[in-house]
Every structure is written in C-alpha cells, then in structure tokens.
Amino acid sequence: MAQLPHKLGHLVSDIRETTQALLQFRDERDWAQFHNPKDLALALNIETSELLETYLWKSADAANKDEVREELADVFAYAFLLANSYGFDVKEIVLEKIKKNALKYPVEKAKGNPNKYTLL
Ligand SMILES: [Mg+2]
C-alpha cells in the first residue's frame, strides 16, 4: 500500500467512516440489491452532471455554493459506494493514480502547464 503523508492520515479513517455511514443508510433501506457496479457508475455520472448543472449559464463565482456542496456530496457518495463494491481502498487507488500521473506529468515539464501529457 502506498504511503500517505502523515498530515493526511485522518482522511483515511474519514473515508472509511463515510463509507460505513453510506452502507448503513443503504442497508437500512434494503437498497444493496440495486447497488450493482453498473448502476452505481451511472448514478455517479448523473450526480456529476447535477454538479455541472450548478454552474450552467453562469460564472463559477455565481454558482450556488449550497447546491455545489450537495451535489459534490452525492458525487463522493456514489464514488465511495462504487469503490466499496469492488473492495477498492479509496486511499490506495487514489495514491496509485497520483504516482502514475507523476510519471506522466513530471514537475519539470508540467509545472504551470495545463496541457495533456501527450502535449508536454
Ligand atoms: Mg444530486
């Protein structure tokens, strides 16, 4: 498992506690039967679209922060549930991806440059 910077360690337990709360909410309603990976991925995509909708036709500053907060919570909820359905450790998969991206986007080439790695 990748090493997490010490100051971020509390996030691991926060993610696990959050996932446990989501699973409890789900199980109290007997919704596990609906939470297959495909439908969780669809729900995640729908919630990201709802997040985008909070910015539609306005500047980022004009978006309603409360709406952004709610839709972002939905995005995290379905992302955590999807990760859980595969037994993925959120910390582990994100840190692995950061390592991969660090190879694709070396600081000396990517610093201050928003281009995709193929254009660096
Ligand atoms: Mg929503």
Side-chain angles (χ1 to χ4, degrees):
M1 185 181 295
Q3 194 63 26
L4 191 69
H6 182 69
K7 65 182 177 182
L8 296 179
H10 69 283
L11 290 176
V12 177
S13 60
D14 288 350
I15 290 169
R16 288 191 180 135
E17 284 176 27
T18 304
T19 301
Q20 286 305 313
L22 289 164
L23 294 174
Q24 182 178 338
F25 178 91
R26 180 198 69 184
D27 291 343
E28 285 170 351
R29 289 156 183 80
D30 193 22
W31 286 350
Q33 61 186 311
F34 308 118
H35 282 195
N36 62 77
K38 184 265 293 179
D39 285 308
L40 289 172
L42 291 175
L44 174 59
N45 187 282
I46 290 164
E47 294 301 342
T48 57
S49 295
E50 290 179 1
L51 175 62
L52 293 178
E53 191 174 25
T54 65
Y55 296 104
L56 186 63
W57 312 126
K58 61 191 82 146
S59 70
D61 289 345
N64 182 310
K65 201 171 173 182
D66 291 335
E67 291 176 11
V68 170
R69 181 183 161 101
E70 284 216 11
E71 299 308 339
L72 189 56
D74 289 339
V75 168
F76 282 128
Y78 283 116
F80 292 168
L81 286 168
L82 182 56
N84 179 75
S85 76
Y86 284 106
F88 295 155
D89 181 295
V90 172
K91 176 190 98 173
E92 188 177 334
I93 64 174
V94 172
L95 290 182
E96 282 174 4
K97 189 65 184 195
I98 289 172
K99 279 186 181 176
K100 280 188 183 178
N101 285 340
L103 295 174
K104 281 198 225 172
Y105 297 93
V107 172
E108 60 273 14
K109 286 186 179 176
K111 192 167 189 175
N113 186 341
N115 288 339
K116 189 173 178 176
Y117 66 95
T118 52
L119 298 174
L120 291 177

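Order of appearance sets the numbers: ligands from 1, and atoms from 1 within every ligand. The analysis underlying the following values was restricted to heavy atoms, covering all of them including side chains, and did not include hydrogens, waters or symmetry mates. Please read all numbers here as calculations on a predicted model, not as lab measurements.
Between the side chains of Glu28 and Gln24, at least one donor N or O sits under 3.5 Å from an acceptor N or O.
Val75 and Phe25 are assigned to two separate hydrophobic clusters, defined by single-linkage of ILVMFWY side chains at heavy-atom distances under 4.5 Å.
At a threshold of 4.5 Å between non-hydrogen side-chain atoms, the residues Thr18 and Phe80 count as touching.
For the Mg ion (ligand 1), the nearest N, O or S atom contributed by Glu71 is named OE1. The Mg ion (ligand 1) sits nearest to atom OE1 when only the N, O or S atoms of Glu47 are considered.
Centred on the Mg ion (ligand 1), the angle running from Asp74 (OD2) to Glu50 (OE1) is recorded as 170°, rounding to 10°.
Between Trp31 and His35, the ring planes lie tilted relative to each other; the angle falls in the 30° to 60° range.
For the Mg ion (ligand 1), the N/O/S atoms of Glu70 include none lying under 2.8 Å.
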